[in-house]
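Below you'll find the structure, written out as structure tokens, and then a few comments.
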Number of protein chains: 2
Amino acid sequence: MRVAIVGATGAVGHELLRVLESSTLKFDELQLYASPRSAGLKLPFAGQELTVRATPEGAIDADVILASAGGSISKALAPAWVAGGAVVIDNSSAFRYEPDVPLVVPEVNGEAALKHKGIIANPNCTTAIAVVAVAPLHRAYGVKRMIVSTYQATSGAGQKGIEELLEGTRVELAGGQPQAQVFAYPIPFNVIPHIDAFQDNGYTKEEMKVVWETRKILGDDSLKIECTAVRIPTLRTHSEAITLELERPATPDEARELLRQAPGVEVRDDPAARLYPMPLTATRKYDVEVGRIRASLVFDGGLELFVAGDQLLKGAALNAVQIAEYLQAKGALRGRVSG
Amino acid sequence: MRVAIVGATGAVGHELLRVLESSTLKFDELQLYASPRSAGLKLPFAGQELTVRATPEGAIDADVILASAGGSISKALAPAWVAGGAVVIDNSSAFRYEPDVPLVVPEVNGEAALKHKGIIANPNCTTAIAVVAVAPLHRAYGVKRMIVSTYQATSGAGQKGIEELLEGTRVELAGGQPQAQVFAYPIPFNVIPHIDAFQDNGYTKEEMKVVWETRKILGDDSLKIECTAVRIPTLRTHSEAITLELERPATPDEARELLRQAPGVEVRDDPAARLYPMPLTATRKYDVEVGRIRASLVFDGGLELFVAGDQLLKGAALNAVQIAEYLQAKGALRGRVSG
């Protein structure tokens with residue numbers, strides 16, 4: 001079983017290597033691809049050094065391709081990868097909304113991955129983090145309305161986003177004027193309610209991804225969802241305030257109990273002990289932290305919650321590897337594992 | 001007409017001096033008070049230097065007292081100030097919920113200030129910023145439900161909050177471990193969904209202040225309001241994502257037009273030109289920036305908006321001075337102005 005990472009040198013690529021090191025996925029070979037200027041770079045993996053190759057124009061001789069090099073590369077090359085026989089788990093938004101491409105969070109709709117036609121899409125990071133917490137509540141109580149406000153880290157824009165925050169912060173602390181190239185405005189000590197392109201309805205594409213993708217993953221197009229997506233000066237981990245109107249009333253205690261049983265969730269919810277979700281504690285954690293669970297004051301029987309999830313892990317690399325693990329566990333991956 | 005500031009050396013006190021310099025309020029004398037350890041300090045005001053005195057235990061010989069030294073000092077001393085004949089405009093939460101204490105945002109319910117019995121309360125900063133934008137919409141369309149998620153700056157905790165962020169950020173950039181004394185956890189590059197004390201219902205007092213105070217200012221106890229209040233690593237200006245369900249449907253264009261006429265509001269809402277509210281542009285601005293106005297996707301005829309307001313100004317010092325200006329304009333302030 002041969003695994004390839006396309007986009008191995010990016011922020012998500014880096015996490016894919018780390019997640020694969022401790023993954024239950026069985027494979028014999030790991031190939032790393034990136035842009036030509038990264039070719040020859042050596043990256044550590046499980047005590048070895050692997051050499052990065054330039055992403056070829058055509059097929060890649062691998063059984064699973066974890067693609068995280070951006071939408072345009074996925075769009076251009078994935079058909080050739082599929083034609084070459086690989087299963088492509090794509091972290092970009094290139095294929096997420098195509099009806100015959102499953103959009104998968106394994107804890108929520110893993111079985112959808114089995115119906116793939118070569119490409120499986122990894123959801124947007126904000127959606128993946130929200131849906132791990134919301135899906136169990138939806139199943140038990142039926143979500144009618146969902147209102148999300150996000151607190152998104154700069155690494156959502158990749159390694160260059162982190163660097164722009166760190167460098168800009170240094171400049172600002174020294175009394176200078178931070179630059180903005182990755183973000184629309186300087187992000188140090190600022191808040192920018194603008195992630196991805198604005199759509200005709202006034203929402204950004206990032207906000208609409210949460211609407212479209214949550215509906216697709218939960219398999220319910222009638223869900224009323226809205227989102228305000230906001231970039232803030234943090235390095236890693238997206239937080240989200242989520243309001244839920246429910247078909248059947250839930251108490252915070254019931255919700256807490258249900259979420260304690262839910263895979264991929266860590267209930268961190270004891271205000272008296274100052275336990276609630278935060279980037280400080282959720283960063284580099286596989287589980288999504290869920291807390292501040294309380295009765296909604298605007299929807300009878302509804303809930304308020306706050307979640308924090310490492311968007312490079314559950315929002316990207318971890319979820320992609322978990323899809324591959326799921327497929328392998330179901331015997332749905334080509335490629336023998338030796339030894 | 002003699003004005004006194006109690007708490008002159010704090011973050012809000014500093015802003016009170018700046019706002020008074022350009023205020024239309026006519027007064028002959030400005031007295032500055034703070035804790036005994038600040039006594040003797042000289043603070044600049046309108047080209048002069050004023051000496052800070054220790055806040056006395058009893059009455060202060062002034063006509064208007066702008067109090068911003070915290071709830072316990074206001075609670076202990078305001079009765080003596082009132083007995084001494086002063087009108088107290090109090091920035092703490094000590095008296096906000098007392099039925100006979102008006103809670104005033106002049107653009108919204110200035111006339112309530114005229115019914116004072118010595119004390120007028122200045123609202124919580126988050127509430128003041130939200131209500132400037134929401135009140136005109138409430139009057140025109142009737143707000144039924146209001147859901148708020150906040151992005152609150154460290155200066156909401158005073159000058160020491162700013163210093164903890166700046167110093168902690170320096171430490172973290174140098175590879176060290178930032179300390180937390182003002183905030184429950186280190187705030188640099190973090191998000192803390194915990195402002196003020198937790199209440200029995202799981203909401204923080206900061207969150208409930210938005211509920212209680214918005215209802216009191218809008219004079220409508222039936223309003224369904226909820227809030228998630230979150231501290232983020234910014235220096236100044238609170239931002240808020242606000243979802244509104246309305247009695248009568250509003251389009252974004254109608255709301256924008258209405259808000260353009262509203263006092264205290266700057267509509268900053270042209271996504272194509274990258275114009276939206278941000279701390280970067282709202283800081284040190286008197287008006288509250290309102291933007292990202294769009295049709296709600298969960299409430300038919302409802303609205304989504306994003307606001308950013310300098311919480312040391314409209315959320316504190318500016319609003320307090322505007323209350324005094326309002327009273328003076330209505331002839332409701334004791335004290336003659338010479339010259």
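The chains referred to below are lettered A, B, ... by the order of the sequence lines, with proteins before strands, and numbering in each begins at 1.
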Region of [X] that comes under 4.5 Å of a non-hydrogen atom in chain A:
X	answer
B:S296	both
B:I232	side chain
B:R236	neither
B:E207	side chain
B:L165	side chain

Within the supplied structure, the quantity of interest is the number of heavy atoms (other residues, nucleotides, ligands) at a distance under 6.0 Å from [X] [atom1]; does it exceed 12?
X	atom1	result
B:Q179	CD	no
B:D270	CG	yes
A:R139	CZ	yes
B:E247	CD	yes
A:N201	CG	yes

Q.
As an exercise: rank A:A184, A:G202, A:C227, A:P193 by heavy-atom pairs under 4.5 Å with chain B and give me the winner.
A.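 Most pairs with chain B among the choices: A:P193.
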Out of curiosity, [X] [atom1] to [Y] [atom2], how far, rounded to the nearest 0.5 Å?
X	Y	atom1	atom2	value
A:H194	B:L275	NE2	CG	11.5 Å
A:E245	B:I147	CD	CD1	9.0 Å
B:R170	A:T169	CZ	OG1	11.5 Å
A:F189	B:T154	CZ	OG1	8.5 Å

Is any side-chain heavy atom of [Y] closer than 4.5 Å to one of [X]?
X	Y	result
B:Y203	A:L297	yes
B:M278	A:N190	yes
B:V298	A:E226	yes
B:P233	A:T234	yes
B:S239	A:V230	no
B:K224	A:F299	no

Q. What option among B:P271, B:A241, B:P277 has the most heavy-atom pairs under 4.5 Å with chain A?
A.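 Of the options given, most contacts go to B:P271.
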Q) If you count heavy-atom pairs under 4.5 Å with chain A, which of B:V211, B:L280, B:I192 comes out on top? A)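 Ranked by heavy-atom pairs under 4.5 Å with chain A, first place is B:L280.
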Q. Does a side chain donor of either B:T228 or A:R294 reach within less than 3.5 Å of an acceptor in the other side chain?
A.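 Yes, A:R294 and B:T228 have a side-chain donor paired with an acceptor closer than 3.5 Å.
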Tell me, for [X] versus chain B, whether the close heavy atoms (under 4.5 Å) come from the side chain, the backbone, both or neither.
X	result
A:I293	neither
A:A295	backbone
A:L173	both

Q: Could you check whether the rings of B:Y276 and A:F198 sit parallel, tilted or perpendicular, using 30° and 60° as the cut-offs?
A: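 If you compare the ring of B:Y276 with that of A:F198, the planes turn out tilted.
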Q: Identify the heavy atoms of B:R292 and A:T204 that sit nearest to each other, and give their distance.
A: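 Looking at all heavy atoms of both residues, the closest pair is NH2-N, 3.7 Å.
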Q) So, does B:Y185 use its side chain to make a donor-acceptor pair with the main chain of A:T281 at under 3.5 Å? A)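 No, the answer is negative, given that no donor and acceptor are paired below the 3.5 Å cut-off.
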